[in-house]
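Remember, predicted model here, so these are calculated numbers, not experimental data.
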Amino acid sequence: MLDGYFQFLASHAESTFIHWNMRNDNYGFSALEHRYRVLGGVPTILHDNRKLDLARELVTLYGRQYAPHTSPKGRKGRLMSIIELNGIADKDALQGAEEADAFVNGDFIKLHQSTLRKVDVLANIFDRAHQKSLITKAGFIDKYGVHPVALVELVKNSPIVAALTIFATIGVTIINYERIFAYVKALF
């Protein structure tokens, strides 16, 4: 299996790989590389600029409070929380202990189905984040902060705020008409 994995990496070295928290030596790309070396293989090293940690990107986009570490149904992890918040189908997706049990019991079909489902889930989350339709627990300040750029985003994303901004601009112009007229007249 690792032979196929590293052959795939070698043939897709220019691709970007989306993953979920695969950034440490216990569970991540380096763990797979180490295991392959122990088994006598020479791993293809995937450079960090080719790895996109979706879990970290969601924290960057939505802040640390974007999803609780325990889902509403009591499952562990932000991944499960975001799945439940968005109603994403996760049938066959096993959690860590369930995956370990399936491996020990030789239930490789179950493991394969879980992997396929998780790939689908990550693609779904990525697409929703890209379309700005991902449901999170992040508040306005978590998402936008308190910054002038946040105001621009608010105006762009809210027709009510955009309308109020336009009316306020027109109102200020009407109130200051004489000053504006005098300024323009002085220019010519």
Side-chain angles (χ1 to χ4, degrees), residues 1-138 142-143:
M1 183 165 71
L2 287 175
D3 286 333
Y5 167 75
F6 284 107
Q7 287 170 5
F8 183 84
L9 283 186
S11 64
H12 294 85
E14 296 304 312
S15 299
T16 298
F17 292 83
I18 299 171
H19 65 92
W20 192 271
N21 284 334
M22 289 184 60
R23 59 181 178 262
N24 66 43
D25 292 335
N26 294 323
Y27 174 76
F29 293 98
S30 60
L32 294 171
E33 293 160 6
H34 174 72
R35 181 71 179 148
Y36 196 51
R37 277 191 206 95
V38 167
L39 295 172
V42 178
T44 300
I45 306 300
L46 185 62
H47 297 286
D48 286 343
N49 66 342
R50 295 289 172 200
K51 302 173 192 171
L52 187 137
D53 186 349
L54 188 54
R56 276 205 174 150
E57 291 301 320
L58 293 179
V59 169
T60 300
L61 289 171
Y62 302 108
R64 293 185 179 274
Q65 304 304 318
Y66 80 91
H69 287 283
T70 302
S71 76
K73 293 181 182 175
R75 298 186 296 174
K76 289 183 180 179
R78 284 181 168 160
L79 180 61
M80 294 300 155
S81 289
I82 214 74
I83 286 170
E84 290 178 20
L85 285 169
N86 288 275
I88 298 170
D90 65 340
K91 181 180 182 258
D92 300 325
L94 302 174
Q95 290 189 277
E98 295 170 319
E99 284 183 340
D101 290 343
F103 181 79
V104 168
N105 296 330
D107 199 347
F108 301 116
I109 292 174
K110 204 173 191 178
L111 281 170
H112 184 66
Q113 289 171 330
S114 177
T115 301
L116 292 176
R117 175 57 65 188
K118 287 180 179 177
V119 168
D120 182 62
V121 163
L122 291 182
N124 196 315
I125 292 169
F126 181 87
D127 286 344
R128 289 176 190 223
H130 182 258
Q131 296 166 355
K132 298 184 178 178
S133 65
L134 187 70
I135 298 168
T136 69
K137 293 284 187 178
D142 293 326
K143 288 186 205 177

Tightest non-hydrogen contact, residues T136 and Y66, listed as CB-O, 3.3 Å
In terms of heavy-atom contacts, L46 and K51 come closest through O-CE, 3.0 Å
Can you tell me how far the CE atom of M1 sits from the CZ atom of F6, to the nearest 0.5 Å? 10.5 Å
Heavy-atom neighbours of Q65 CD exceed 12 at 6.0 Å: no
Could you measure the distance from the CZ atom of R78 to the NE2 atom of H69? Nearest 0.5 Å is fine. 3.5 Å
Which atoms form the tightest heavy-atom contact between L94 and K118, and what is the distance? O-NZ, 2.6 Å
Tell me whether S71 contacts the main-chain N or O of M80 through its side chain, where contact means a donor paired with an acceptor under 3.5 Å. no
Where R37 and I45 come nearest, the two heavy atoms and their spacing: NH2-CD1, 3.7 Å
Does CZ belonging to R35 count more than 12 external heavy atoms closer than 6.0 Å? no
Has E84 got a side-chain atom pairing as donor or acceptor with K73's backbone, closer than 3.5 angstrom? yes
For F103, is the CZ atom crowded, meaning more than 12 foreign heavy atoms sit under 6.0 Å from it? no
Can you say whether the rings of F17 and F8 are parallel (under 30°), tilted (30 to 60°) or perpendicular (over 60°)? perpendicular
Ignoring hydrogens and geometry, is there a side-chain-to-backbone donor-acceptor pair from R75 to S81 under 3.5 Å? no
First locate atom CG of L2, then atom CD of E33, and finally report the distance between them rounded to the nearest 0.5 Å. 11.0 Å
Tell me whether T115 contacts the main-chain N or O of L111 through its side chain, where contact means a donor paired with an acceptor under 3.5 Å. yes
What's the verdict on side-chain contact (heavy atoms from CB on, under 4.5 Å) for L79 and L122, showing C-alpha distance, side-chain angles and the deciding distance? CA-CA 9 Å; L79 180 61; L122 291 182; 4.2 Å; yes
Applying side chain to side chain contact (heavy atoms under 4.5 Å, CB included) to N21 and not counting sequence neighbours gives R23, D53, A55
Within a radius of less than 6.0 Å around OH of Y5, do more than 12 heavy atoms belonging to other residues, nucleotides or ligands occur? yes
Y62 versus L134: any side-chain heavy-atom pair under 4.5 Å? yes
CD1/I109: more than 12 non-hydrogen atoms of other groups inside 6.0 Å: no
Search all heavy atoms of R128 against all heavy atoms of N124 and return the closest pair with its distance. NE-OD1, 2.6 Å
Run through I125, L52, V119 and flag the one making a side-chain contact (heavy atoms from CB on, under 4.5 Å) with I18. L52
Are the side chain of N86 and the backbone N or O of I88 linked by a donor-acceptor pair below 3.5 Å? no
Report the C-alpha separation of Y36 and T44 in whole Å, then their side-chain angles, then the decisive distance to 0.1 Å, and conclude whether the side-chain contact (heavy atoms from CB on, under 4.5 Å) test is met. CA-CA 10 Å; Y36 196 51; T44 300; over 6 Å; no
Lys/Arg N to Asp/Glu carboxylate O, E14 vs R50, below 4.0 Å: yes
Shortest non-hydrogen contact from D25 toward S30: OD1-OG, 2.8 Å
Would you please classify the geometry between the F126 ring and the H130 ring as parallel, tilted or perpendicular, with 30° and 60° separating the classes? parallel
Would you find a donor on one side and an acceptor on the other, under 3.5 Å apart, between the side chain of R117 and the backbone of D90? no
